[in-house]
2 protein chains.
Amino acid sequence: MSTKHPKPAVHAKRPKPARRKPRADAQRNRERVLEVSKQAFTRYGASASLDDIAKEAGVGAGTLYRHFPTRDALIEAVYRTEVEKLAAAEGKFAESLPPLEALRAWMKLFVDYVEAKHIIAPALNTYAGGASKLYETSKTQISGAINALVKRAIQSGDIRKDLEPFDLLRALIGVASVASSPDWPQSAKRLVDILIAGSRPTTQN
Amino acid sequence: MSTKHPKPAVHAKRPKPARRKPRADAQRNRERVLEVSKQAFTRYGASASLDDIAKEAGVGAGTLYRHFPTRDALIEAVYRTEVEKLAAAEGKFAESLPPLEALRAWMKLFVDYVEAKHIIAPALNTYAGGASKLYETSKTQISGAINALVKRAIQSGDIRKDLEPFDLLRALIGVASVASSPDWPQSAKRLVDILIAGSRPTTQN
DNA sequence: GCTAAAGTGGAGACCGTCTCCGTATAAGAT
DNA sequence: ATCTTATACGGAGACGGTCTCCACTTTAGC
């Protein structure tokens with residue numbers, strides 16, 4: 001074996017362990033699980049049976065758990081793109097609207113997202129019990145968005161200087177977690193207006 | 001049996017089925033379960049094992065489930081008194097404080113209650129999944145309280161006429177459901193102030 | 001005391017979670 | 001084309017929680 005080629009380090013994507021290319025079936029299964037999960041979560045809520053999801057996706061339970069070790073990991077993966085879109089909307093609003101209206105529009109968009117996929121809200125909150133660090137990135141993205149919007153609105157003088165952006169976010173998550181009653185979306189949007197009104201500089205009394 | 005006494009309708013508490021007095025042991029067991037549940041819920045959250053609770057209370061699982069057919073029923077029973085106290089505080093504040101401050105004080109008291117017993121908030125919300133009608137009475141009590149406070153504050157001109165009291169309540173429940181981060185109580189109270197500021201009549205702009 | 005109504009308790013059926021490991025298969029080397 | 005081996009698969013089964021069922025016990029009322 002002294003004639004063997006020198007290490008093909010030129011082709012290696014990763015310098016360290018010289019990894020092998022990921023298997024095609026693994027990738028396929030992962031996507032199928034994700035697909036089925038999305039439907040299952042919207043249909044049955046966050047407590048949908050994972051074994052059922054695995055079955056419907058045509059994979060064994062072991063496969064599902066290998067790709068997504070915990071329920072949280074799965075939820076996070078499912079809603080990662082949604083959260084990214086929501087965070088991205090911040091930029092668009094910031095460009096096309098005056099500061100205060102951009103903030104208002106984004107907050108109402110948040111409500112819309114939660115209305116469609118009501119699992120997002122608990123996913124952004126640490127939720128009851130386990131303080132998993134999995135949602136950290138999602139949280140960071142959303143925090144970044146509202147931070148930018150509030151900062152801009154403060155600079156333009158539309159919002160009190162001492163307002164904590166995170167307070168607003170917490171209120172938003174909270175309001176969104178309460179999903180009872182049919183007129184919830186209207187109520188949530190009225191609340192956005194109240195929150196913004198309450199965040200303006202105190203010109204009165 | 002023709003000599004038997006005439007129906008002792010005089011002593012009957014209930015006219016219809018002439019019920020027998022409830023058994024002493026049943027009452028005792030019920031209270032023990034309630035006692036243990038209260039501790040278990042504060043220690044392990046709303047998902048504490050019911051079988052464990054039964055075991056610790058020294059009763060069989062069957063007994064627990066007979067008294068409280070569902071988890072919700074048990075939670076409701078445990079926090080019924082707390083909710084009653086909270087609702088009762090409305091009267092006190094209404095007497096001793098000006099309308100707006102009474103509302104503010106009550107809302108902050110709400111936050112304090114939730115901080116101590118973080119299960120109250122989900123109990124007031126329908127929560128994810130099943131729309132059980134069990135919390136109806138609790139909800140009604142709390143709704144009544146905030147309704148009275150808001151109405152008074154509207155009449156004194158401190159609050160916009162078109163404000164939906166239930167919107168405020170929903171925000172409160174929502175904010176209270178978000179229990180992450182150590183400075184949550186401060187944040188929640190800042191939010192109460194924001195909500196109230198946002199509910200004032202629009203003298204500006 | 002007697003008796004029927006009321007209540008008890010725990011075995012066990014059921015269901016969801018998650019692990020373990022023997023088997024299958026794709027990727028890369030020859 | 002075949003071999004080798006890292007990678008992935010899947011489902012049986014251990015585990016733990018929920019909830020029911022019913023043979024047995026206890027109590028209230030006479």
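Below, read A as the first sequence line, B as the second, and so on, with proteins coming before strands; counting in each chain starts at 1. Bear in mind the structure is a predicted one, so any value in this text is a computation, not a measurement.
- A donor and an acceptor atom sit less than 3.5 Å apart, one in the side chain of Arg23(B) and one in the base of dA6(C).
- Asp158(B) and Ser156(B) form a side-chain donor-acceptor contact under 3.5 Å, judged by distance and modelled atom types alone.
- Distance Arg30(A) CZ to dT7(D) P: 17 Å, rounded to the nearest Å.
- When only modelled atom types and interatomic distance are considered, Glu76(A) and Thr137(A) share a side-chain donor-acceptor pair under 3.5 Å.
- Taking 4.0 angstrom as the limit, Asn29(B) places a side-chain polar atom (N or O) nearer than this to OP1 or OP2 of dT8(C).
- Between the C1' atom of dA12(D) and the NZ atom of Lys55(A) lies a distance of 12 Å, rounded to the nearest Å.
- A salt bridge between Glu101(B) and Arg104(B) is present, with a side-chain N of the basic residue lying under 4.0 Å from a carboxylate O of the acidic one.
- Ser49(B) comes within 4.0 angstrom of the backbone, heavy atoms only, and of no base.
- Within 4.0 Å of Ala61(A), counting heavy atoms only, lies at least one base atom of the nucleic acid.
- Per the geometry, CG belonging to Asp52(A) stands 8 Å off P belonging to dT17(C), to the nearest Å.
- Phosphate contact (OP1/OP2 of dA26(C), side-chain N/O of Arg20(A), threshold under 4.0 Å): absent.
- Taking 4.0 Å as the cut-off between side-chain N and carboxylate O, Lys38(B) and Glu82(B) count as a salt-bridged pair.
- Between Thr63(B) and dG9(C) there is a side-chain polar atom (N or O) within less than 4.0 angstrom of OP1 or OP2.
- Taking only distance into account, the side chain of Asp51(B) meets the base of dC19(D) through a donor-acceptor pair shorter than 3.5 Å.
- No hydrogens or angles were tested; on distance alone, nothing pairs the side chain of Arg71(A) with the base of dT17(C) as donor and acceptor under 3.5 Å.
- An OP1 or OP2 oxygen of dG7(C) is reached within less than 4.0 angstrom by no side-chain nitrogen or oxygen of His67(B).
- Counting any heavy atom pair closer than 4.0 Å across all strands shown, Ala24(B) reaches sugar-phosphate atoms only and no base atom.
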